[in-house]
Every structure is written in structure tokens, then in C-alpha cells.
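All remarks here apply to the structure that follows.
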Amino acid sequence: MKKNLKPSTLCVRGGWEPKNGEPVQPPIVQSTTFKYDNSEEMAMLFDLKKEGYFYTRLQNPTNDNVAKKIAALEGGVGAMLTSSGQAANFYAVFNICEAGDHIVTSNEIYGGTYNLFGVTMRKLGIECTFVNPESSEEEIQKAFRPNTKVLFGETISNPGCKVLDIEKFARIAHKNGVPLIIDNTFATPINCRPFEWGCDIVTHSTTKYMDGHATQVGGCVVDSGNFDWDAHADKFPGLTTPDESYHGLTYTKAFGKMAYMTKLTAQLMRDLGSIPSPQNAFLLNLGLETLALRVRQHCANAQKVAEFLHNDPHVAWVTYCGLKDDASYELGRKYLPNGSCGVMSFGLKGDRDTAIKFMDSLELINIATHVADARSCVLHPASHTHRQLSEQQLKEAGIAPDLIRLSIGIEDADDLIDDLKQALSKID
Ligand SMILES: *Cc1c(COP(=O)(O)O)cnc(C)c1O
């Protein structure tokens, strides 16, 4: 594949490169296992001395082709697909953390990730400190401990729609000798490539824009290959000292820039096994082919809708970084100059019941626990996705009780605005 291809081209052409007479679509290799003629060859695969397929839990050709496309889009050295975005964030962090370690994360993150880090990882002995991403570098620095291994954030937070100052976060992470991991689900590599701003590892819920048609739940971890694990060898023994489960192989020595990715697939996926089915990877790939096209339409529509809501008297506030008076407007201009995403959050004048009356009055826009899909949808996090969080946790996660999350699809913007107008008129 030619170097320096533009994202729109990579969406269509990245990953699978058919040879003479081969299908243009990557074949769905729906097979658990692969046959070999002699035992020696199979043994070399198990020892990581040779590349090849032997069991789909570790690697599968369909999945790898799609991962390769996402790696190319993000500008990374490699990528691995997972069965969900949750699995992607867990794997990305757990690949370099173990019991007794600590992570620092922005508190402006997806509710599922908030629970994963704050509750479930804690049970594994990994502590987590949540920080306000808008705090000063000095303030965020205070959260770091000698055993901190990761700094984490979201390019555009779900559901708060705040834009992360990636360069600031990268500076803080690197000053402390740890990688910056960013969940780039909402921005997608079409609108932001975090590696260009100093981020080290990117994760995705491919369930969202990358799929775009609500057909598969999936995730992806991409490594830039830029973080120097050996320079902080004492912090990352899993990568820099021998792995007993691979005959004492040391990932950084054996695989260089591919150390993190190799450990992720050969060790973590081997042992935990959250793979996507090849059929799902195929569906994801179909979505990726039109990602650049769809993202443009999502952003154009969302800008019109955000401006409409901003000017409507029923609406108390709107958070969308494309609005000039938005708190993230300047960060959006810097990191997302071509547009942010189709998701915005807003609050109505009134109480919780006002929000519910409004949502129940929508005719075209669906109430759905989903975002970043071709179909516009709406959700009330305090009553839906984040209902497990206490009032205090909601506040800490930056979610106002009146916050309505609106995900604008690729329908005609005028039809969406008409639907919003009629629903708003019902709450008078
Ligand atoms: C949805 C989402 C996730 C979780 O992904 P699943 O595919 O639902 O497991 C993680 N991060 C962000 C930003 C999300 O929007």
C-alpha cells in the first residue's frame, strides 16, 4: 500500500489488499482453527518465532485486515480488534498494569469506562484517581504516585461533549514516565488523530461511528509504537522482563516497536479471549468504507441542530464545541478543525419530567441506548446509561441531572429540526 494516503482513501482501501483474482471484499474467515502439514511449523507459531494463524482466539485473518485498516487510519504501528469498546479500554490499560498499580484518568469519560476503572479494576487491585481535565497541570500532577502507570482521557467526552487538551495530557503523562491512552471513539481518526498530538495508545468503541449502522458491538486498541518502555523499564516489567508464559521471551527485546501490540494479542487475548467474530469484523469493515463520508454529514447536521437548539427559548444550555460560546470551542478549533462529531448534550428549562416529556414526544428521533449511528437518537443519562451512579458521582462525571444526550444521524437536518420543534412545543 502506498504511503501517506488520505483518510478517505484508507477508509476504502486500507487493510485488505487483494491480489490477482482475489475478492475485493476481505473474505469472512469464519473458522476457529487452521491446518498445518507438519508439527514443527505449528510449534514455531506457538513460540512466536513465525507469523501465522492457528486459532482464532489469538488471531484471525478477517479481524487482522480490519485492524490493519484502523491502524493505518490512526497512523499506528498495529491494532487489535476486541469484542467491545469496554474490552478495548480494559485491555489497553491491563496490558501495562497489574495489582498494586495505579492509573490517573479524566473524570469526563463514558459511564461504562468510569465503572470499569472506578469499581471493577479496583477489585483487581488497580487503583484509580479521577481528575478534572480542565484543572491546571500542577493540579493534575498531584494525582500521580510512584506506582502510576497510565494517564487516560477521551478526545470528546461521552456524554459531556468536552474536548480534551491532548497536548497538555501528553505533557503530564510523559513527565511522569507513563503513556497517554485516549479513547478516540467520538472524534474518529477522520476528525482527530491523537498520535499527532503526543498520545501513545488509542482505543475505540467501533460500535459507534466506525460501524455507524448499529450492526455490531466491537472495539479496537491501536499503538503508536512511540512510547519508550525500556526507558521506564522498572515501571513496565510486563514488557521489559521475561514472560514466563512464552519461554522467557522479553517483548521489548524481541519485538521493538511492536512490543505492546504483541503482548496484547499473544498474552492478554490468549488468556482473556474477548475476540470479535469474523462476521462482526466484516460488518465493521463495511462501515469503515463510508466513515469519512458519514462523519462529514454527521458534523454538518449536528452544527445546524446545535445552532437551532442554542436559539430556542425552551433550551437552557447546549454543549457542542462547534458553537462559538462553547467552553470547548477553542480546543475544538485546535484539535478538531474539520468538525467534531454528531453528538451534543443539552438541558431544557424545567425539571426531570420536562426532559422525559420532550423525549417521549419525539416522533423521528429514537430513544436508544446508542450514539454515533446513522439514525438520530436521544438519551437521558441520569435515567438511562448512568443510572447506577449516585448524585455525587454524576456530578463528578460532569453529568448534570437535566443533561439530554442527542446523537445526530445522517438524515436530512431539516427533518430533524422539525421533529425537535414539534417535541419542544409539547412541553409548553
Ligand atoms: C460506547 C463507548 C464505549 C464502550 O463501548 P462498547 O462498544 O459499548 O463496549 C467506550 N467509550 C466510549 C467513548 C463510548 O462511547
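Model, not experiment: these values are computed from the prediction. Ligands are counted one by one from 1 in listed order, and the atoms in each one are counted from 1 as well. Residue numbers start at 1 and run along the sequence shown.
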Per-atom contacts of ligand 1 with [X], taking only distances under 4.0 Å to non-hydrogen atoms:
X	value
Lys208	1 (C), 2 (C), 3 (C), 14 (C), 15 (O)
Thr207	6 (P), 7 (O)
Asn158	14 (C), 15 (O)
Phe186	15 (O)

(Q) Pair Tyr260, Phe227 - check ring pair (Phe, Tyr, Trp, His ring centres under 6.0 Å), show working. (A) CA-CA 9 Å; Tyr260 177 92; Phe227 193 81; 9.5 Å; no
Do any nitrogen or oxygen atoms of [X] come within less than 3.5 Å of a nitrogen or oxygen of ligand 1?
X	value
Gln86	yes
Gly85	yes
Asp183	yes

Q | Gly218 heavy atom under 4.0 Å from ligand 1 | A | yes
(Q) For atom 5 (O) of ligand 1, what is the closest protein heavy atom, and at what distance to 0.1 Å? (A) Ser205 OG, 3.0 Å
Q.
Please list the nearest protein heavy atom to atom 4 (C) of ligand 1 with its residue and the distance rounded to 0.1 Å.
A. Tyr110 CE2, 3.4 Å
Q: Work out which heavy atom in Ala71 is nearest to a heavy atom in Val222; give both atom names and the distance.
A: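 For Ala71 versus Val222, the nearest heavy atoms are CA-CG1, 3.9 Å.
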Q | Over all atoms of both residues, closest heavy-atom pair of Ala266 and Leu58 | A |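 Answer, listing the atom of Ala266 first, then Leu58: O-CD2, 4.1 Å.
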Q: Give a yes or no on whether Arg333 atom CZ has more than 12 heavy-atom contacts from other residues, nucleotides or ligands under 6.0 Å away.
A: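 Atom CZ in Arg333 is not packed in, count stays at 12 or less.
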Q: Among Thr240, Thr262, Asp243, find the residue that satisfies the side-chain hydrogen bond (donor to acceptor under 3.5 Å, both in side chains) test when tested with Tyr251.
A: Asp243
Q.
Does this structure show an ion pair linking Lys334 with Glu167, if we count only N-O contacts that are shorter than 4.0 Å?
A.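 Looking at Lys334 and Glu167, the cut-off is met.
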Q. Below 6.0 angstrom between ring centroids: does that apply to Tyr114 and Phe130?
A.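 For Tyr114 and Phe130, the ring centres are under 6.0 Å apart.
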